[in-house]
Amino acid sequence: MRVQFSCLVATVITLRASLGGDFNGDGFEDLAVSAHLETISGVAEAGSVHVIPGSAGGADTASAFRIDAIMLGALPEQTLGLGAALAWGDFDGDGFDDLAIGSPSAHVKGLIGAGRVFVLPGGASGFDFARLRSFDQNSKGIKDKVESDGTPGQSSDAFGAELVTGDFDGNGFDDLAINAEAEAIGKVKGAGAVHVLYGSSIGLRSKRNQFWHQNSGGIKDKCENAEQWGSRMAAGDLNGDGRDELILSCPMEVTSSPGIGRAAVLFGSKKGLRAKGNLLLKPESASVPLTDFGAQGVPTLACGDFDGDGFFDLAIGMTGMSADINGLRHGVVYVARGSATGPAIVMDSFAQGVGGVPGSGTNFDEFGSALSVANFDGDAWDDLAIGAFGEALPDGYSGRVTVLYGSAAGIGVTGADVFDQSTPGISGVSEEFDQFGSAIAGVDFDGDGVADLAVGVPFEDLGATTDAGALHLLFGTTIAGLTTGGNVLLDQDSPGIFGSVGTGHQFGGAFAQ
């Protein structure tokens with residue numbers, strides 16, 4: 001079975017772009033967005049993924065379609081939370097991007113919460129369901145196995161809770177890292193682990209797959225209870241050798257100061273990821289040292305070349321950090337610049353109301369709770385979008401997105417933009433606990449080389465329907481970067497979007513990046 005896109009140009013095949021996935025190879029990037037708690041065939045919280053194709057005219061909402069468990073050959077009650085994590089990559093090197101869909105609550109061998117990942121190949125006529133593959137911890141050849149957490153019928157492995165794509169061996173085929181965020185390692189519960197599947201001419205396969213955790217040989221530190229190693233991930237070539245590194249968050253890392261968070265870096269090589277030279281980074285700068293407030297937020301991660309020097313830089317969001325003497329938990333984003341020797345230990349830092357960053361830090365802003373890298377103004381440097389889903393506005397803790405633009409000097413505050421649902425020109429209304437910006441992604445819908453920004457509002461209430469979720473699209477320009485002009489607000493009752501709004505669907509809760 002194939003799901004066919006409209007506006008296809010079947011004779012055009014493009015290599016992987018730097019922003020969103022191009023699943024049909026027509027030169028326009030497409031957006032995959034989850035409604036991971038949508039009711040499917042009467043099964044609550046089964047979940048779904050909606051795909052909005054790009055076109056010469058931009059986001060083609062009229063051709064949007066939905067992928068659910070039934071289309072993937074699964075029972076909705078066996079695949080709960082479908083789309084909780086998404087990633088795209090060209091895993092078979094055919095020029096069409098493929099879509100990886102995480103279902104971390106899926107049943108495997110009778111254990112709910114074990115988790116599964118579906119991989120849907122792209123093609124000139126749309127997604128090819130005949131070549132669909134799925135992986136779980138009981139798949140043939142995959143290291144480790146599905147395990148019970150001690151409660152009858154349950155597992156806490158959550159395989160597929162986070163996904164990220166990178167080319168870790170530099171062979172031209174994208175690879176996929178899959179988090180099992182609550183994986184037990186020996187007697188250590190909730191330690192967390194990461195599986196890596198390598199791409200090939202036939203796509204992802206179990207051959208050469210790796211299973212990493214903090215008790216793996218050569219990895220810095222060791223497994224400890226509830227650390228959730230790898231609960232957030234990113235990939236990028238931090239040392240410019242043509243192979244991506246895998247960066248993993250360690251939200252509850254126990255070091256000299258318990259639970260303040262770290263970022264682990266595994267370097268790529270000709271043979272794939274290796275333990276040799278791995279790093280455990282402490283996110284801090286001279287002006288904003290790391291404090292115990294970091295324990296209250298999971299480090300978020302993103303990679304991009306903000307200064308155009310050919311080395312990817314690493315952005316780390318620490319939502320529980322304080323950047324002032326009041327100790328308020330408003331969040332700080334650190335940037336470790338890449339170099340031939342890897343990420344810098346001395347980092348830049350950005351916080352609201354500090355050093356020219358727009359806004360003011362208030363408690364529970366969660367600045368840095370989501371990060372996305374793209375080129376929103378079409379110049380030579382990547383830019384950084386930063387979500388703060390708890391941003392306090394007159395209408396309550398409703399959320400905001402700040403965009404900092406790159407330059408030859410790196411990320412800076414010049415021309416910075418701020419968007420929320422009370423910004424003039426933005427569709428919708430700012431309301432308490434909407435969580436505007438809890439998911440963000442850059443995607444070039446019309447192929448003009450300038451990225452647009454998708455902003456998820458998963459807890460948006462629509463009339464009497466609570467937490468239905470919505471999605472804003474802000475469009476990039478070469479003159480002013482992102483603007484409010486022509487912005488679009490979508491929900492599941494919008495023309496072209498399949499299904500209908502429902503309580504707790506949380507449409508816009510995650511994007512493929």
Side-chain angles (χ1 to χ4, degrees), residues 15-22 29 32 85-93 95-102 117 119 122 135 160-180 193-200 203-212 216 219 229-249 263-279 281 299-306 310-316 336 338 342-343 371-374 382 441-442 511-513:
L15 297 178
R16 176 179 175 176
S18 60
L19 305 175
D22 182 4
E29 293 173 0
L86 300 168
W88 61 268
D90 187 0
F91 304 121
D92 55 10
F96 303 98
D97 289 319
D98 314 312
L99 179 62
I101 305 172
V117 174
V119 181
F135 298 91
E162 178 84 350
L163 304 171
V164 73
T165 300
D167 186 359
F168 304 121
D169 53 9
N171 66 354
F173 299 104
D174 284 327
D175 313 312
L176 182 67
I178 303 169
N179 165 251
V194 173
H195 296 258
V196 180
L197 304 182
Y198 285 88
S200 70
L204 294 172
R205 53 184 179 171
S206 60
K207 183 179 180 180
R208 297 175 56 213
N209 80 95
Q210 296 175 314
F211 181 57
W212 294 99
S216 298
I219 297 297
W229 192 74
S231 57
R232 296 290 184 272
M233 301 188 291
D237 187 2
L238 302 177
N239 61 4
D241 67 353
R243 306 176 190 95
D244 286 329
E245 279 66 66
L246 177 63
I247 304 95
L248 311 166
S249 70
V265 180
L266 303 183
F267 286 90
S269 75
K270 288 183 180 180
K271 295 184 179 181
L273 293 170
R274 63 183 185 184
K276 182 180 178 180
N278 75 97
L279 303 173
L281 298 177
T300 54
L301 305 164
C303 290
D305 188 0
F306 303 126
F311 302 102
F312 271 46
D313 310 309
L314 172 62
I316 306 171
L371 301 172
S372 183
V373 174
D382 286 333
F511 300 115
Q513 295 201 69

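- Expressed to the nearest 0.5 Å, how far CZ of F312 lies from CG of D305 amounts to 6.5 Å.
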task: For D237 and E245, run side-chain contact (heavy atoms from CB on, under 4.5 Å): C-alpha distance rounded to whole Å, both residues' side-chain angles, the deciding distance at 0.1 Å, then the answer.
output: CA-CA 6 Å; D237 187 2; E245 279 66 66; 3.7 Å; yes
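- Classified by interplanar angle (parallel below 30°, tilted 30° to 60°, perpendicular above 60°), the ring pair Y198/F168 is perpendicular.
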- request: Tell me, with the steps shown, if L301 and I316 meet side-chain contact (heavy atoms from CB on, under 4.5 Å).
  value: CA-CA 5 Å; L301 305 164; I316 306 171; 4.0 Å; yes
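- Contact between W229 and A264 at its shortest, heavy atoms only, is NE1-CB, 3.9 Å.
- Between F91 and the choices V119, L197, D175, the side-chain contact (heavy atoms from CB on, under 4.5 Å) rule is met once, by V119.
- T165 contributes atom OG1, which lies 6.0 Å from atom CG of D174 (distance to the nearest 0.5 angstrom).
- Closest heavy-atom contact between G95 and D90: N-OD2, 2.8 Å.
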message: Does W88 form a side-chain contact (heavy atoms from CB on, under 4.5 Å) with L86? I'd like the steps, not just the answer.
response: CA-CA 7 Å; W88 61 268; L86 300 168; over 6 Å; no
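- Put simply, CG on D382 and CZ on F306 are 6.5 Å apart, with the number rounded to the nearest 0.5 Å.
- Contact record, A302 with V373: CB-CG2, 3.8 Å, taken as the closest heavy-atom pair.
- Note that the CG atom of L371 and the CG atom of L314 stand 9.5 Å from one another [nearest 0.5 Å].
- With N179 contributing its side chain and A193 its backbone, the two residues share a donor-acceptor pair below 3.5 Å.
- Residues A441 and S372 share a closest heavy-atom pair of CA-OG, 3.4 Å.
- In summary, of the residues considered (W212, F135, F211), a ring pair (Phe, Tyr, Trp, His ring centres under 6.0 Å) with H195 occurs for F211 alone.
- The shortest distance between side-chain heavy atoms of D169 and R208 falls below 4.5 Å.
- Here the OG atom belonging to S200 is positioned 4.0 Å from the CZ atom belonging to R205, to the nearest 0.5 angstrom.
- Looking only at distances, no side-chain donor or acceptor of N278 sits under 3.5 Å from a matching main-chain atom of V265.
- For the residue pair G172 and D167, the shortest heavy atom distance occurs at N-OD2, 2.9 Å.
- Rounding to the nearest 0.5 angstrom, the gap separating the CG atom in L266 from the CE atom in M233 is 11.0 Å.
- Looking at residues two or more places apart in sequence or on another chain, you find a side-chain contact (heavy atoms from CB on, under 4.5 Å) between A85 and L163.
- Here the closest non-hydrogen pair linking G442 and Q513 is N-OE1, 4.4 Å.
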task: Let me see the working for I247 and L281 under side-chain contact (heavy atoms from CB on, under 4.5 Å), right down to the final yes or no.
output: CA-CA 10 Å; I247 304 95; L281 298 177; over 6 Å; no
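- Without hydrogens or angle criteria, N239 side chain to G342 main chain gives no donor-acceptor distance under 3.5 Å.
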